[in-house]
Protein chains: 2
Amino acid sequence: MKDERFCNSNCPFTRAIGTIGNKWKPMIINVMGTRTMRFGQLDAIVPHISRKVLTEQLKELEEDGLLERLAYKELPPRVEYRLSEKGLAFLPILEHIKAWNIKYEVATMPRQSDYKYAEQD
Amino acid sequence: MKDERFCNSNCPFTRAIGTIGNKWKPMIINVMGTRTMRFGQLDAIVPHISRKVLTEQLKELEEDGLLERLAYKELPPRVEYRLSEKGLAFLPILEHIKAWNIKYEVATMPRQSDYKYAEQD
DNA sequence: TATTCTGGTTACCAATGGGTAACTACAAAT
DNA sequence: ATTTGTAGTTACCCATTGGTAACCAGAATA
């Protein structure tokens with residue numbers, strides 16, 4: 001859930017953090033990139049996320065205009081998600097974060113045996 | 001607390017999100033900017049934060065090399081915080097986020113009567 | 001007939017996040 | 001002698017987050 005105190009702030013930066021300031025949304029946006037993806041794909045690719053949380057976060061991202069949801073009236077259902085113009089405009093920021101981390105990170109690298117989930121990159 | 005699953009990822013982006021992917025750290029970094037600030041100042045200026053949470057987040061930011069802590073051996077104690085090179089390098093990213101929000105935000109503005117706390121900006 | 005497939009929703013429970021208030025040390029000021 | 005001021009720490013407790021598993025529709029497949 002979004003923090004209403006932040007979203008109701010008079011500061012645009014505070015409002016931005018209220019909107020995308022958690023760990024799940026940047027992960028989802030980064031995974032989607034310019035692709036159109038279905039719910040099941042996102043569930044499989046976004047690391048460590050559960051269906052419940054994915055559903056919540058996708059709903060909020062749609063409400064905030066970061067992504068578009070296309071539901072096909074088929075059975076079994078098919079739903080496709082893709083970033084809106086606003087969402088796409090956020091991608092370069094995520095690239096900066098990645099570059100920043102690569103440049104400055106000093107922490108020890110994880111052992112190969114430490115990770116169990118497939119991730120992009 | 002940081003999410004160890006994220007911080008132990010083999011993906012640099014995921015690790016970055018594990019490090020700064022919450023709402024408090026971007027807020028603290030943004031408030032500090034290039035200034036040197038004392039604990040009490042941060043407590044007063046960072047919106048909605050409590051001393052307990054501020055303590056935790058400052059400790060993690062220091063551990064992750066984003067800021068430096070200077071404790072003077074005086075009474076009453078004086079502690080000063082300022083961003084490290086790594087922390088300063090994160091500021092442009094926050095500026096991008098602010099600009100992104102100003103450009104794309106469509107949500108309704110808060111009524112003046114809605115906010116009670118002084119904030120910078 | 002039973003299973004599979006998809007994109008959810010729901011109930012239940014455990015873990016985490018976060019707020020408040022009290023407490024600390026000790027010097028300086030009142 | 002008491003209050004003030006700083007930068008926390010701690011205990012206690014409530015609220016939020018998040019995980020798991022079960023369940024749904026309804027057509028296609030075996």
Side-chain angles (χ1 to χ4, degrees), chain A residues 1-8 14 17-28 31-32 35-63 67-82 116-117, chain B residues 1-8 14 17-28 31-32 35-63 67-82 116-117:
Chain A
M1 266 298 148
K2 293 186 293 178
D3 188 322
E4 293 304 325
R5 297 173 306 177
F6 280 54
C7 292
N8 290 333
T14 301
I17 294 302
T19 303
I20 46 81
N22 70 13
K23 63 189 173 201
W24 299 116
K25 286 173 186 166
M27 292 295 296
I28 292 170
V31 158
M32 292 190 64
R35 294 184 284 182
T36 293
M37 295 187 77
R38 300 179 59 174
F39 182 85
Q41 286 181 284
L42 289 166
D43 186 33
I45 294 179
V46 176
H48 313 296
I49 206 166
S50 70
R51 299 159 75 76
K52 178 186 169 189
V53 172
L54 181 56
T55 301
E56 287 169 4
Q57 301 295 314
L58 288 173
K59 195 174 293 177
E60 290 186 5
L61 285 170
E62 192 196 355
E63 284 171 7
L67 58 79
E68 287 152 14
R69 181 179 185 275
L70 296 168
Y72 297 86
K73 295 199 181 313
E74 302 172 352
L75 274 167
R78 179 161 61 103
V79 181
E80 293 183 343
Y81 296 92
R82 62 184 157 110
K116 322 192 198 39
Y117 302 93
Chain B
M1 264 298 147
K2 293 186 293 178
D3 187 322
E4 293 303 324
R5 297 172 306 177
F6 280 55
C7 292
N8 290 333
T14 301
I17 295 302
T19 302
I20 46 82
N22 70 13
K23 63 189 173 200
W24 298 117
K25 286 174 186 166
M27 291 295 296
I28 293 170
V31 159
M32 291 190 64
R35 294 184 283 181
T36 291
M37 295 187 75
R38 300 180 60 177
F39 182 85
Q41 286 180 283
L42 289 167
D43 187 32
I45 294 178
V46 177
H48 313 296
I49 205 165
S50 70
R51 300 161 75 76
K52 178 186 167 189
V53 172
L54 180 57
T55 303
E56 287 170 4
Q57 301 295 315
L58 288 173
K59 196 174 294 179
E60 289 185 6
L61 285 170
E62 192 197 355
E63 283 171 6
L67 59 77
E68 288 153 13
R69 182 179 185 275
L70 296 168
Y72 297 85
K73 296 199 180 313
E74 302 172 353
L75 274 167
R78 178 160 61 105
V79 180
E80 292 183 343
Y81 295 92
R82 61 185 157 112
K116 323 193 201 29
Y117 302 94

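Computed from a predicted structure; not experimentally measured.
C:dT6 atom P lies 16 Å from atom CZ of A:Arg69, rounded to whole Å. We find that CG of B:Leu58 is positioned 14 Å from C1' of D:dT6, with the value rounded to whole Å. Computed from coordinates, the A:Phe39 CZ to C:dT9 P distance equals 8 Å when rounded to whole Å.
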- Message: Output one letter per nucleotide in nucleotides 10-20 of chain D: B when a protein non-hydrogen atom lies under 4.0 Å from the base, S when only the sugar-phosphate is that close, - when neither is.
- Response: -------SBBB
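Between B:Arg38 and the phosphate of D:dG8, there is no side-chain N or O to OP1/OP2 separation shorter than 4.0 Å.
Sorted by residue number, the members of residues 70-82 of chain B with any non-hydrogen atom under 4.0 Å from DNA chain C read B:Leu75.
At a threshold of 4.5 Å between non-hydrogen side-chain atoms, the residues B:Thr19 and B:Lys25 do not count as touching. When side chains are defined from C-beta on, A:Thr14 does not count as touching B:His48, because their heavy atoms never get closer than 4.5 Å. Side chains of A:Glu56 and A:Met1 form no contact here, defined as non-hydrogen atoms less than 4.5 Å apart. Two residues are said to be in side-chain contact when any heavy atoms from C-beta on lie closer than 4.5 Å; B:Lys23 and A:Asp3 meet this criterion. Contact check for A:Thr55 versus A:Phe39: side-chain heavy atoms found under the 4.5 Å cut-off.
Note: A:Arg51 CZ to A:Leu58 CG = 11.5 Å, rounded to the nearest 0.5 Å. Atom OH in A:Tyr81 sits 12.0 Å away from atom CD in A:Gln41 (nearest 0.5 Å). To the nearest 0.5 Å, atom CG of residue A:Leu54 and atom CG of residue A:Asp43 are 6.0 Å apart.
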